[in-house]
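For reference, the structure is listed below as structure tokens.
Positions are given from 1, in the same order as the sequence printed here. Each ligand, and each atom within it, is numbered from 1 in the order the structure gives.
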Amino acid sequence: MDHVINSLLPLTRAEAGVPIIYGDTLFGVLDLQSETVDRFTEAEIELFVSLANQIAIAMRNAALFEDAGKSRERAEQSDRVKSAFLASMSHELRTPLNAIINFSKFLKKEIPGRINDEQRDLIGNIADSGQHLLNLINDVLDMSKIESGALKLYVEQDIDLRNILATAINYTQPILADKPVSLYQDLPETLPLMHGDRKRLLQVFLNIISNACKFTESGSVRISAYAEQDHMTIAIADTGPGIAPEDADAVFTAFKQTDSGLRQGGGTGLGMPICKKLVEAHAGQLWFESESGKGSTFFVKLPLAESTQAEPKAPEKVTQYA
Ligand SMILES: Nc1ncnc2c1ncn2[C@@H]1O[C@H](COP(=O)(O)OP(=O)(O)O)[C@@H](O)[C@H]1O
Ligand SMILES: [Mg+2]
């Protein structure tokens with residue numbers, strides 16, 4: 001048996017072993033054998049060495065690629081765990097928080113019994129802090145949904161954006177109550193209809209309009225809209241502090257606020273990045289133009305549903321709130 005195997009093997013009279021090595025890692029040995037004595041010349045050995053080096057580089061690249069694939073898989077897995085965790089926690093967090101907010105409002109309205117002024121203020125603080133925390137939780141959950149690609153749009157057909165703008169204005173108008181700021185609506189009698197997620201579009205305009213109202217101390221906030229061939233543009237212009245060119249990136253960066261944003265307090269710096277993603281999910285664009293000290297205008301450009309036209313509605317061209 002030994003004899004058979006030996007007769008099949010070459011009779012090695014010369015052997016060259018070149019390590020396949022990269023840095024401190026030995027991947028293997030390039031082994032060449034010959035039946036001829038002194039078969040390998042200096043030049044050939046040099047060639048084998050450089051061949052072994054090339055193999056080492058290729059093997060190292062392959063190992064790096066495999067590592068990167070594994071870490072990507074691990075990251076994706078942990079992202080999935082994170083969004084599943086957040087989705088289930090969101091309910092657990094929001095339910096007791098809503099109870100805190102609603103019970104404190106109930107107490108403040110003196111439904112269970114009379115309270116004094118100091119108690120009313122303190123209970124008001126509980127409701128406001130609760131609301132702030134609820135907004136923060138909602139924003140963090142939205143952001144994590146967007147980042148993990150789990151954000152879903154519930155698209156409805158033929159939405160009239162004027163209704164959404166009217167609701168957003170109704171909600172944000174109280175922010176201007178004690179300020180010498182006028183709010184103008186400059187909307188056409190009809191706007192073409194669009195397809196989109198009503199709740200998410202409202203969220204976009206609520207944040208942009210409430211930012212404009214929040215940051216503007218005097219002057220005006222003007223909401224205008226116009227339709228062009230296949231899209232419409234909504235502009236929210238204010239005479240607030242404006243955004244300096246060096247702060248432009250911060251506006252759309254999660255958790256970043258400009259100095260005026262920080263001074264104002266109450267925000268999270270998550271609103272605008274979320275809005276941008278929501279508008280982009282509608283195949284639209286969100287951007288702003290601003291001059292420091294002179295105000296800002298935020299633009300939302302949204303694609304239109306094909307050849308649909310809203311029913312004319314009673315014009316409400318300019319509404320002014322002192
Ligand atoms: N109309 C505006 N005028 C001036 N600064 C603005 C305006 N809108 C947004 N910003 C700046 O962009 C930052 C990010 O906005 P946003 O994400 O909505 O955060 P916030 O939670 O502060 O409202 C704000 O903190 C503010 O610094
Ligand atoms: Mg905001």
As an exercise, state the distance from NZ of Lys214 to OG1 of Thr172, rounded to the nearest 0.5 Å.
12.0 Å

Would you call the rings of Phe288 and Phe298 parallel, tilted or perpendicular, taking 30° and 60° as the class edges?
tilted

With respect to the Mg ion (ligand 2), please indicate if Met272 possesses an N, O or S atom at a distance under 2.8 Å.
no

Less than 4.0 Å is my threshold; does some heavy atom of Phe288 fall inside it relative to ligand 1?
no

For Asp117, is there an ion pair with Arg120 - N to carboxylate O distance below 4.0 angstrom?
yes

Tell me whether the count of non-hydrogen atoms from other residues, nucleotides or ligands lying under 6.0 Å of CG in Asn116 goes above 12.
yes

Gap separating the OG atom of Ser218 from the CG atom of Leu176, nearest 0.5 angstrom:
11.5 Å

Is there an N/O/S atom in Ser210 that lies less than 2.8 Å from the Mg ion (ligand 2)?
no

Counting distance only, does the side-chain N/O of Ser78 pair as donor-acceptor with the main-chain N or O of Ala75 below 3.5 Å?
yes

Which of the listed options, Asp238, Asn135, Leu136, holds the heavy atom that is closest to atom 1 (N) of ligand 1?
Asp238

Any nitrogen or oxygen of Phe215, main chain or side chain, under 3.5 Å from a nitrogen or oxygen of ligand 1?
no

Using a 4.0 Å heavy-atom cut-off, which part of Asn207 comes near ligand 1: side chain, backbone, both, or neither?
side chain

Which of the numbered atoms in ligand 1 are below 4.0 angstrom from a heavy atom of Lys214?
20 (P), 22 (O), 23 (O)

Counting C-beta onward and ignoring hydrogens, is there a side-chain heavy-atom pair between Arg60 and Thr25 closer than 4.5 Å?
no

For Gln77 and Arg74, does a side-chain donor sit closer than 3.5 Å to a side-chain acceptor?
no

Honestly, for Asp247 the part within reach of ligand 1 (heavy atoms, under 4.0 Å) is neither

Contact between ligand 1 and Cys275 is defined here as a heavy atom of the residue under 4.0 Å from a ligand atom; is it met?
no

Return yes or no for this condition: an N or O of Gly271 is under 3.5 Å from an N or O of ligand 1.
yes

Which ligand 1 atoms are under 4.0 Å away from a heavy-atom of Leu270?
17 (O)

Backbone or side-chain N or O of Lys256 under 3.5 Å from ligand 1 N or O:
no

How many angstroms lie between CG in Asn61 and OH in Tyr22, if you round to the nearest 0.5 Å?
7.5 Å

Atoms of ligand 1 less than 4.0 Å from Pro273 heavy atoms?
17 (O)

Quick check on Gly240 - does any of its heavy atoms sit under 4.0 Å from an atom of ligand 1?
no

